[in-house]
> 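Dropping the structure in here first, questions after.
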Amino acid sequence: MKKKILITTGGGDCPGLNAVIRAFTKAARRNGNYEVWGSYEAYNGILSDPVEIVKLTREKIAGIHVKGGTIIRTTNKGNPLEFPVQNPDGTWKKINRAQELVDKIKAQGFHAVLNIGGDGSQKIGLALSKLGLNVVGVPKTIDNDLTATDRTFGFATAVQIASDCFDKLVTTAESHHRVIIMEVMGRDAGWIALYTAIAGGAEICLIPEIPYSIDKIVDTINRRYHKGRGFVNIVISEGARPKGGSVYGKKAVIAGDTHIKYGGIANQLRYELEEAGSKGQVRATILGHIQRGGTPTAFDRILATSMGVKAFEMMKDNTFGRMVSFQNHALTSVPLEAAVSKYNFVDLDHYLISTARKTGVSFGD
Ligand code: F6P
């Protein structure tokens, strides 16, 4: 009898998820002893009654590696460890459905789960694995904030999209002698902003790891205007914050979504610069979810495809409780515990911080 494998994609979507699904399923089909299924919206598909799962046939996965998003959909509000349930009075409570989930997955005849996701999803994978489920993790995030892997697919695509947008903002900033601020995603890690600032040649790059001073930014802007270079392009990470200040975000209003919702710091900075006497008209653009959409770059497709194949090899060898990891241009795996132990902030000694500084990028510090 064929072994049944269940794939889940959890958390925010990310270009490359479909490439993992396709590669894993192809490798499994070629082996001949496996049947691959997907659970819709991470584990919600299994927790639903009736279950919402789909058999991943050749037709279902054909050509999907070039498509953004995930064909089995995703969610950030279905954590089985803190599952949101509405009380009769309309308020919400959280219940732990992890054991029920493991039992249901086993009752459906699944031998193992391929858990594709970021930090939050890997934590869920670890908890399920401790309850006796065979789990293999594949890391994903556009934010590049996982330490246990040198790279995640989706990041290169997000940087490419942000850089393309940045280039467009440079020409309009130059034409109008304006200061244009572009806000990118990344949560508490400044990787997307840092890479985009270097790729695009930004004058100023503001990241969470280096709190900024408005006076310093105004100085940098005004000095450039005095020198006759009358326009400035700034990249700001959504999680950036002023010295002594806090992050610009709001608690999620949807039950089950525990993440602070970032977004909007660019507008805040715009008004602060205007008040502080910055030269030039200031404008702000918030890229938002455009950074997660559309076709993955070739690099991300290749990384995602190779991770899908590696994950299948791990399943075949009964190597469970581990996450695929890309290290030194090769694929290996790490225990799920290691995968979730530390957040990958931009290290201030990172060579790209010095590359940026030495090419005239100010971090507003
Ligand atoms: O983690 C990926 C990410 O896109 C972050 O960069 C961003 O802060 C967050 O997800 C947005 O989440 P949501 O899709 O829930 O708005």
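No hydrogens, no waters, no symmetry mates; every other heavy atom, side chains included, goes into these values. Counting starts at 1 for both ligands and their atoms, following the listed order. Predicted, not measured: the structure shown is a model, and the values here were computed from it.
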> Quick one: does NZ or CZ of K4 land under 6.0 Å from the six-membered ring centre of F110, within 45 degrees of the ring axis?
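Here K4 passes the 6.0 Å and 45° test against F110.
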> I need the nearest protein heavy-atom contact for atom 1 (O) of ligand 1: residue, atom name and distance, please.
D143 OD2, 2.6 Å
> Just need the protein heavy atom nearest to atom 4 (O) of ligand 1, so name the residue and atom and give the distance.
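Here the closest protein heavy atom is R292 NH1, 2.9 Å.
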> Any side-chain donor paired with an acceptor under 3.5 Å for D89 and T91?
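Note: D89 and T91 side chains meet the donor-acceptor criterion.
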> Is N76 in polar range of ligand 1, meaning some N or O pair under 3.5 Å apart?
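Right, the criterion is met.
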> Examine I142 against ligand 1 and note whether any of their N/O atoms are separated by less than 3.5 Å.
no
> Would you check if F153 and K140 make a side-chain contact, meaning some heavy-atom pair closer than 4.5 Å?
yes
> Going by the atom numbers of ligand 1, which of them fall below 4.0 Å from some non-hydrogen atom of K261?
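Taking each heavy atom of K261 in turn, ligand 1 has 12 (O), 13 (P), 15 (O), 16 (O) under 4.0 Å.
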> Atoms of ligand 1 less than 4.0 Å from E238 heavy atoms?
5 (C), 6 (O), 7 (C), 8 (O)
> Of all heavy-atom pairs between V334 and Q327, which one has the smallest distance, and what is that distance?
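Looking at all heavy atoms of both residues, the closest pair is CG1-NE2, 3.6 Å.
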> State whether Y40 and R73 meet the cation-pi test: NZ (Lys) or CZ (Arg) under 6.0 Å from the six-membered ring centroid, and within 45° of the perpendicular axis.
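Yes, a cation-pi geometry.
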> Ring centroid separation for F345 and Y343, is it under 6.0 angstrom?
yes
> Distance alone, cut at 3.5 Å: any donor-acceptor contact between the side chains of Y195 and N144?
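There is no such pair between these side chains.
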> For G186, take its heavy atoms, then give the atoms of ligand 1 lying under 4.0 Å from any of them.
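Those qualifying, in numeric order: 6 (O).
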> So which protein heavy atom does atom 16 (O) of ligand 1 come closest to, and at what separation?
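Result for atom 16 (O) of ligand 1: H289 NE2, 3.1 Å.
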> Looking at ligand 1, would T141 count as a contact under a 4.0 Å heavy-atom criterion?
no
